[in-house]
There are 2 protein chains.
Amino acid sequence: MNRPLRQDLSAAIPEGVAALLEKEIIFGELAPMARLTEEEVAARYGVSRSPVREALRLLERDGLVLRAARRGIWVAPLSLKDFDEIYTCRIELEGVAAEQAAMSSDTERKKQFAGLLEELRAAHARGDGREFFMVDVRGSALTYDLSDNRTLKRLLASLDKQALRYRFIGYTHNPEIVDITMTHTAAIYDAIVGGQAERAKELTEHIIHYIWQFMRGAIAENFGKE
Amino acid sequence: MNRPLRQDLSAAIPEGVAALLEKEIIFGELAPMARLTEEEVAARYGVSRSPVREALRLLERDGLVLRAARRGIWVAPLSLKDFDEIYTCRIELEGVAAEQAAMSSDTERKKQFAGLLEELRAAHARGDGREFFMVDVRGSALTYDLSDNRTLKRLLASLDKQALRYRFIGYTHNPEIVDITMTHTAAIYDAIVGGQAERAKELTEHIIHYIWQFMRGAIAENFGKE
DNA sequence: ATATTGTACGGTGTATACACCATACAGTTT
DNA sequence: AAACTGTATGGTGTATACACCGTACAATAT
């Protein structure tokens, strides 16, 4: 009963289950405050409760689920306050990451930005918002890698997962957010590849602040009260 | 065999075990790269492997231990690079936390800073570096609480645990670091309590940067090569 | 009718058994 | 002698059984 799924989960079952649940949460297939029971998740993926528990610990770390001792587990709710909290942190850390990435001399990996930009443009042209964000995340991951700071990378990877939930909702309600992101991302990639550290940092901070304020409207509409 | 320890662990065993291991790692009782086996830890605290596994996941999240699949678990090594990475992140996030804390109107909780300052002075006067840092951590925790940003709090709580290992080593080699921290901390508390947001942020960033550079010497001596 | 207590059940928390991988070492072969 | 293969062992990874808490609902008493 557990054999078939083991293949899909690429060796590490907890991380595999976490990745699958992550996607479901980020893209709204699992609604905010949806109840998760360990046994149900275990049955769904054909594994036992042990790795599921570890997967849920990972999701808790990234703020995607809430746990109450002996009460249960829920998909973390979304709120305007939470959104503001995340962006308050992101604006600082993404700025540093872009700055440090620009200072990297790893020209070989910097070339990957060109390919990513093409993928972004393709997804943008197709109007595929979901794919757009997935590629955008890979661009961020590349930036974090170039910054050569494992601690920063760890913090941002965690923040990004939360942020992506809001970004996807924002896109759903205001598709032009993809247009804005598209334009600005190109400028940032340029600065990073060109080694303009200060510019990369300022651009990143400015742009994140801009998108933050732009998205607040859509977010407030849905979660203003909470 | 497991009953007696349960009391010490205050209800949640994984968190309890994690807290105990944390202290041992932070204060050097468990040396960098020391091997940890789940069974040994479980036996030591009189619990089973299940909660120990979860405790080790928590420590991994905070960068205190490293895990290699099916290979083992080790206390995370210390290095100058890691130290720089942590402070690069801390300087940004602590600044924001101080700024936001100063903007808080929770005058009731702000009064706690006075008591903490007294405790700091007492520990400083006694030359009790370990106690000094423990109180300092509570001051940071209060600042994070006041910032009213759960995301920021989560990121900083994690960072602080790593940072404390280096801070304790720095103090061991350069006890005057406690003097410096003592003086500067008082100024920051003043700014936060007084509601001077911009000043609190600038002071914090400046001071963390100063201590960072000051400590680099002691850290480099021990871990320069790694 | 309301309040209180008993009870059943869903679900997490922990313990334990077993599977399986990684390493080291010994034995065999070339 | 060196390389390779087989095997034993230590330790993590997973499955499963059971303990225990929290909630809801029903029954009884006031």
Side-chain angles (χ1 to χ4, degrees), chain A residues 1-21 24-25 30-31 33-77, chain B residues 1-21 24-25 30-31 33-77:
Chain A
M1 187 223 224
N2 48 13
R3 291 294 155 194
L5 260 295
R6 285 223 184 165
Q7 317 300 342
D8 302 355
L9 302 173
S10 59
I13 296 183
E15 282 75 7
V17 169
L20 292 172
L21 285 172
E24 297 185 60
I25 293 172
L30 281 169
M33 290 310 283
R35 181 77 187 275
L36 293 175
T37 71
E38 297 177 352
E39 195 137 14
E40 177 226 330
V41 174
R44 182 141 57 99
Y45 294 119
V47 297
S48 80
R49 274 181 57 209
S50 309
V52 169
R53 270 184 80 80
E54 303 200 25
L56 290 170
R57 282 259 183 213
L58 295 175
L59 295 188
E60 186 188 18
R61 169 183 80 183
D62 293 332
L64 296 182
V65 306
L66 299 178
R67 313 180 76 190
R70 293 189 186 276
R71 302 269 319 283
I73 303 147
W74 298 267
V75 175
Chain B
M1 188 225 225
N2 50 13
R3 291 296 157 192
L5 261 292
R6 285 222 184 166
Q7 317 298 341
D8 302 356
L9 303 174
S10 60
I13 296 183
E15 282 75 8
V17 170
L20 291 173
L21 284 173
E24 296 184 61
I25 293 172
L30 282 171
M33 290 311 282
R35 182 78 187 276
L36 292 175
T37 72
E38 297 177 352
E39 196 138 12
E40 176 226 332
V41 173
R44 182 141 57 99
Y45 294 119
V47 297
S48 80
R49 273 182 57 207
S50 309
V52 168
R53 270 185 79 80
E54 302 200 25
L56 290 171
R57 280 262 184 211
L58 294 175
L59 295 187
E60 186 188 18
R61 166 184 79 182
D62 294 330
L64 296 182
V65 305
L66 300 178
R67 314 180 77 193
R70 293 188 186 278
R71 302 271 319 284
I73 303 147
W74 300 265
V75 175

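Chain letters run A, B, ... following the sequence lines, proteins first and then strands; every chain starts at 1. Atom set for the values below is all heavy atoms of this structure, side chains included, hydrogens, waters and symmetry mates excluded.
Between the CG atom in B:Leu66 and the CZ atom in B:Arg71 there is a gap of 11.5 Å [rounded to 0.5 Å].
Annotation: side chain to side chain donor-acceptor pair (under 3.5 Å) contacts of B:Glu40 (sequence neighbours excluded): none. Under the side chain to side chain donor-acceptor pair (under 3.5 Å) criterion, B:Arg57 pairs with A:Glu15, A:Glu54, sequence neighbours left out.
The stretch residues 64-72 of chain A touches DNA chain D through A:Arg70, A:Arg71, each having a heavy atom within less than 4.0 Å of the strand.
Nearest to the side-chain atoms of A:Arg49 among the listed nucleotides C:dG11, C:dT14, D:dG11 stands C:dT14. The listed nucleotides are D:dA17, D:dT12, C:dA15; the one nearest the side chain of B:Pro51 is C:dA15. Taking only side-chain atoms of B:Arg53, from C-beta outward, the nucleotide of C:dT16, D:dT14, D:dA15 with the closest atom is D:dT14. Residue B:Glu39 places its side chain closer to D:dT12 than to any other of C:dT14, D:dT12, C:dG13. Each of D:dT14, C:dA15, C:dT12 was ranked by its minimum atom distance to the side chain of B:Val47; first place goes to C:dA15. With D:dT16, C:dT12, D:dG11 as the choices, the nucleotide that has an atom nearest any side-chain atom of A:Ser48 turns out to be D:dT16.
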Using the side chain to side chain contact (heavy atoms under 4.5 Å, CB included) rule, take B:Leu21 and B:Tyr45 through it: C-alpha gap first, then chi angles, then the decisive distance, then the call.
CA-CA 10 Å; B:Leu21 284 173; B:Tyr45 294 119; 4.1 Å; yes
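One can place CG of A:Leu58 at 12 Å from P of D:dG13, the figure rounded to the nearest angstrom. Going from atom CH2 of A:Trp74 over to atom P of C:dG10 covers 17 Å, rounded to whole Å.
Using a cutoff of 4.0 Å between basic side-chain nitrogens and carboxylate oxygens, B:Glu38 and B:Arg67 are scored as salt-bridged.
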